[in-house]
Amino acid sequence: MSDATTATRPETRYDFAAAEPRWQEEWNRRGCFAVPDVPDGSKPKYYVLEMFPYPSGKIHMGHVRNYTLGDVVARYKRARGHQVMHPMGWDAFGLPAENAARERGIHPGQWTYDNIANMRAELKRMGLSLDWSREFATCDVEYYGKQQALFLDFWKAGLVERKESWVNWDPVDGTVLANEQVIDGRGWRSGALVEKKQLSQWFFSITKFAPELLEALGSLDRWPERVKLMQANWIGRSEGARVRFRLAEPVGETSEVEVFTTRPDTLFGMSFLAVAAEHPLAAAAAAANPTAAEFIAECRRMGTSEAAIEQAEKRGFDTGFRVAHPFLEGVTFPVWIANFVLMEYGTGAIFGCPGHDERDFDFATKYGLGITPVVRPASGAEVALPFTDEGVAVNSGFLDGLPTAEAKRGAIDRLEAIGAGTGVVNWRLRDWGVSRQRYWGCPIPVIHCEACGVVPVPAEQLPVTLPDDVDFSRPGNPLDHHPSWKHVDCPACGKPARRETDTFDTFVDSSWYFARFCSPRAAEPTTRAAVDAWLPVDQYIGGIEHAILHLLYSRFFTRGMRETGHVALAEPFAGLFTQGMVTHESYRSAEGRWLYPEEVEFTATNDGARLAHLKTDRSPVTIGRVEAMSKSKRNTVDPGAIIGRYGADTARWFILSDNPPERDMEWTESGVAGAYRFTQRLYRLVATALPELPPPGAPQDGQGRKLRQATHRTIAGVTEALEEFGFNVAVARIHEFANAITEAGEAGGPARREALEALARLASPMMPHLAEELWSLLRPGEDELVANFPWPEADPALLKAETLTLAVQVLGKLRGTIEVPADADEATIFAQAEAEENVQRSIAGRPIRKRIHVPGRVVNFVV
RNA sequence: GGGGGCGUGGCGGAAUGGUAGACGCAGGGGACUCAAAAUCCCCCGGCCGCAAGGCUAUGCCGGUUCGAGUCCGGCCGCCCCUACCA
């Protein structure tokens, strides 16, 4: 619906419904946003990328915000003379497609491509400056086949490993999860309690790059600090020592236990050693002792999941094994199995020093193990144990008297000298398990042969394509129970063999798509000329929820591609911007049912508060909290409906105007309505002025100087705001400008045309359709679109005013303002300031001790 | 527990150490209209004052400075991340 029916004068009404598709078609016809794989170098390149969407079928407001932000950057950079690559694609593999297949009998591929078609149409209505010729979906064989080639190259380069390992098993999704996908012991998707299971899995050796991934964070100066911090914590570097404890009696083949510690200086305070339930020594104890086995089984049942809940409760089991202390001749300590020791971190074993570690203290207190203080505060003060700060070593033999840092070094030196340990750096980061027991993913190109073992699929046999005829009626992995797909001959010996039926974690798909966009149709995964020219992504934009997973994987993958010659750089994203969420009020009916915003209407009460009612029967509605839009709370707004009602430019404008883009924004009806009014106002401003405007050309000097100054100040202000992602400020500057043009009216004279043309151009990154419409009104003979026009330049001469308004303070308090010529000298300014009536009153005859003048700003008298 | 961030009108927010509250939303008043919508104009942190103007005000307390929303120290509150990481 357009509001044409209610217009007073149809010619001053902007018909967005007609204009928006028309301009989209025009951009498309002219190929405005297409760029070559290898730019000609005539302009500097700029690669703008927003995190590509999962094709759920409908875009949501989060997408609209994300792609609007990216589009403003892309359009602005184009206007600033860059050759901008701004592509779009689909993160199209993943479980929802399989769920759809199970629930509705639609093939995952069909479901996905249908969704893509819908979402593409919706995105196109937003008028984004995308190069659609680069589009692909990660489920295209063309894409995932190249991913398989990358995998084989990574394998050759030693970046892939197959290992038996404890994995996180999601019993609901029936798949393995990466550590990063387990949140509070639950699957990130299903929410099911995750179990520990031992399986053979494919891993990417991300840990090989741990030091580099950590160190290079320092070079990412256009990344948010907090994202870098989160990554640094995730990588988790800690310095310490590995200490080998000799078992008093060997257990089977095992004669020692290795422990990681960051506090080797507290070794003399040891009173026990503890291993994880999954530790081999625990298994040995279990083999010998059914009670131990029971304890281990109990730990596993609690698993990672209940750990948080049971956190307070430290539990252990004494294995009866004993270990010798590395420094104390003839002294041994018991080996316990403890539920708070993690197999995944360090060596899965710790030495317990209750005096200086809270967990060890709790454990020792509970089980009556000894507590020896071995660190005193440097001040010498008595402190309660556990004392976990640094201090000075005591009761520690050769370490006595040493400050903690030196004691650590001393302990490590001795350990190394006696061959009982070494100083090491330990990393929290673990290798990236990528095997998923799912159908709708990229097949891992590997064949299992009885005789030859694990054999890579030869490059010339790629791609390994997914079979179409799959049965989703049975639980588990459809690839595994497909009648024929997995049965192949071994590429090495020719005997019957079996395909790998696991597929890649979908985070693999999104770890290199930004590189593929540079040459999306190439026969190889990347084309060096293309990636060398376009990468890195100059501005990447997406949600903070990907601060660790996707961004870390992409950083790893880029390094892998560097090692294998597919790219020449290590860091894929030079600039990162993380946007906030889109939120909305939530509403509930009297019965507590969540309501969609469109079911609710509002009335104002006398005191200005709002009351809500159900539209149908006017029954009262409770207005709830403002929170992230979610289907379950029904506080969503459909972008399609908004664009249909107000147009894409209005939606974009409101999103940009509400608040700074890194914060959560609140979607409000009145806000959108305000944005819509402003689009109409701009149109009216131009349409009504049109008959009085002089023809295009430079405005004569001297005429309408005030308006000209406003124009050039606005150019400078909007430019500055856009440069620093201050879109809400850019919007405010344009509002001010519109006010200034209105105020000038006909008195603006020839400067009016300059102002209105600048208005259209400055608004164009944010409201591209309206900008073209205004431009076409202002320049009917002009063939070139705003989209192709360079950004306006502010004239420095017009940024300077001929008079300045200075604040005059007495003792730092504002007492008045004065108007002075811009070139007035200081003495004149002081004299005029002092003469100001109100300033005189404030000085009250007291002598002026000091006069301060900040040019263009303020005068301050100290009396 | 550890780490990070943020506190400014009714709301979103603006403000290189220099006139706090730009701009918008909401609200109030008025014009136009038979009426409404749309549009246009005015007001809009609090207190005092007829006014001129004054006082007060950026979570709280202190400090640096001619001058602090902004810098420093301490507290209070909220939000986010992370968490038996040895």
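Chain naming here is simple, since letters A, B, ... match the order of the sequence lines and numbering starts at 1 in each. None of these values were measured; they are calculated from a predicted model.
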Between A/K813 and B/U56, is there a side-chain N or O to OP1/OP2 distance below 4.0 Å?
yes
Could you run down nucleotides 66-72 of chain B 5' to 3' and tag each one B, S or - for protein heavy-atom contact under 4.0 Å?
BS-----
Using a heavy-atom cut-off of 4.0 Å across all strands, would you classify A/T668 as base, sugar-phosphate, or nothing?
nothing
Represent RNA chain B in dot-bracket notation, 5' to 3'. Only Watson-Crick or G-U wobble pairs with both distances under 3.5 Å count; pseudoknot-style crossings use [ ] and interstrand partners use |.
(((((((..(((.....[....))).(((((.......))))).((((....))))..(((((..]....))))))))))))....
Of the non-hydrogen atoms in A/C299 and A/A277, which two are nearest, and what is the gap between them?
CB-CB, 3.8 Å
With sequence neighbours left out, what residues match A/N426 under side-chain hydrogen bond (donor to acceptor under 3.5 Å, both in side chains)?
A/Y345
Per the salt bridge (charged side-chain N to carboxylate O under 4.0 Å, His left out) rule, what does the pair list look like for residues 670-683 of chain A, sequence neighbours excluded?
none
Proximity of A/F725 and A/F727 rings by center, below 6.0 Å:
yes
By the 4.0 Å heavy-atom rule, please label A/S657 as base, sugar-phosphate, or nothing.
nothing
At under 4.0 Å between heavy atoms, which parts of nucleotides 39-54 of chain B does protein reach? Answer with one letter per nucleotide, 5' to 3': B base, S sugar-phosphate only, - none.
SS------------SS
A/F245-A/F333 aromatic ring centre distance below 6.0 Å
no
Short side-chain N/O contact to B/C23 OP1/OP2 from A/N728, under 4.0 Å:
no
Any residue of residues 345-361 of chain A with a heavy atom less than 4.0 Å from an atom of RNA chain B
A/Y345, A/I350, A/R359
